[in-house]
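Since the structure comes first, as structure tokens, the remarks are kept for the end.
Lettering follows sequence order; numbering is per chain, from 1.
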2 protein chains.
Amino acid sequence: MTKTATKPVPRKPDYEKALRKAGIRITRPRKIILNILGETEDHPDALEIFRRAEQIDKSISLSTVYRTMKLLEEMGAIHRHAFEGGPSRFEQAGGDHHDHLIDMDTGDVIEFRSDRIEQLQQEIARQLGYDIVHHRLELYGRRRKD
Amino acid sequence: MTKTATKPVPRKPDYEKALRKAGIRITRPRKIILNILGETEDHPDALEIFRRAEQIDKSISLSTVYRTMKLLEEMGAIHRHAFEGGPSRFEQAGGDHHDHLIDMDTGDVIEFRSDRIEQLQQEIARQLGYDIVHHRLELYGRRRKD
DNA sequence: TAATCTTTTGCAACTGAGTGTCATCTGGCA
DNA sequence: TGCCAGATGACACTCAGTTGCAAAAGATTA
């Protein structure tokens, strides 16, 4: 790994505390979903989170998963990624900012980070007379076989 | 405009000829849609293309617009952009590759190009053991007021 | 130009992801 | 433990896009 791209280290902040402080009730479904997100290394979609949650509590509903994802997104606790040709996929926030490389054969998501690219984006936006609110950089590729 | 970002010049290739050669029938709806795409400077969605097409031929249907967009995309004649929180938007292919800055207040799309960023993306993918098939770089921002 | 044979169309029914409604339930505090 | 605003599960609904199908219209040939 050189200067151009470094893999960010995942962190697992305690969102339960933060939500409680914001006056949001920590219910059974929310606890389960938060645990799933804190545990996982991948980028599951709502249906996948629902399926994992069902294994813990059979009575959980898909609507609640969608509602919870929306809530957590608004609170800044998770990030939503709309990769092409599929439903939104989620990851816990709290780690360093990074972009994504999507393996087109497996759907795997590899995180990377390039300060140089971030900096160039800022320059470009400034030249065009804009302030960047956020950006999306996704590389779609296939494992090089050699 | 400096080295870091240059605005690409739009071109208007003759896709009608290319489609005919690929054994695809040039029908009235397709002719109309192709003209709309060749004419426009913006990035309309399917519904907007449908509305513009209706003004020329009242009998055109939205399904045909969707079908035609899909066909043209598969032929490489147009590019589909799924900007966040909205339907797919289209632009004629054939110009130089570029990325997009989306004005969050107006929905306007500004095209830009940075060879430096393209190059860095290649480096990153190579380091991670991947070949890039394509990528998506979108900057979401607001006009700087000063 | 007409006959033929596909391809394409318009329409309407359908799909998938996500949202809204509402009666019921429950977390958290008194 | 009782209360009650906020949260839940069930399900109807929306929105963007796709699909099935009978009718229409390109292209090719006669």
Test item: side-chain donor near acceptor, [X] and [Y], under 3.5 Å:
| X | Y | answer |
| --- | --- | --- |
| B:His43 | B:Glu111 | yes |
| A:His134 | B:Glu138 | no |
| A:Thr64 | A:Arg30 | no |

Write down the distance between [atom1] ([X]) and [atom2] ([N]), rounded to a whole number of angstrom.
| X | N | atom1 | atom2 | value |
| --- | --- | --- | --- | --- |
| A:Ile24 | D:dA5 | CD1 | P | 18 Å |
| A:Glu84 | C:dA17 | CD | P | 16 Å |
| A:Arg25 | D:dT8 | CZ | C1' | 11 Å |
| B:Arg51 | D:dA16 | CZ | C1' | 13 Å |
| A:Ile32 | D:dA7 | CD1 | C1' | 14 Å |
| A:Leu19 | D:dG6 | CG | P | 16 Å |
| B:Ile60 | C:dT8 | CD1 | P | 15 Å |
| B:Arg89 | D:dA16 | CZ | C1' | 15 Å |

Check whether any side-chain nitrogen or oxygen of B:Arg30 sits under 4.0 Å from OP1 or OP2 of D:dG26, and answer yes or no.
-> no

Are OP1 or OP2 of D:dG6 and a side-chain N or O of A:Thr27 less than 4.0 angstrom apart?
-> no

Candidates D:dA10, D:dG6, D:dG26 - which lies nearest the side chain of A:Ser61 = D:dA10

Of the nucleotides D:dA27, C:dG10, C:dT8, which has the atom closest to the B:Ser59 side chain?
-> C:dG10

Could you check whether A:Leu47 gets within reach of a base, just the sugar-phosphate, or nothing at all, counting any heavy atom under 4.0 Å?
-> nothing

Under 3.5 Å donor-acceptor pair, B:Arg28 side-chain atoms to C:dT9 base atoms | no

Do the charged groups of B:Arg143 and B:Asp105 touch, with an N to O distance under 4.0 Å?
-> no

Under 4.0 Å between a Lys/Arg side-chain N and an Asp/Glu carboxylate O for A:Arg144 and B:Asp131?
-> yes

Name the residue closer to the 5' end of DNA chain D, choosing between B:Arg80 and B:Arg20 according to the nucleotide with the nearest heavy atom.
-> B:Arg80

Contact check, residues 62-77 of chain B vs DNA chain D, heavy-atom distance under 4.0 Å, returns B:Ser63, B:Tyr66, B:Arg67, B:Lys70

Between A:His81 and A:Phe90, does the ring centre distance come in under 6.0 Å?
-> no

Verify whether the ring centers belonging to B:His135 and B:His97 lie closer than 6.0 Å.
-> yes

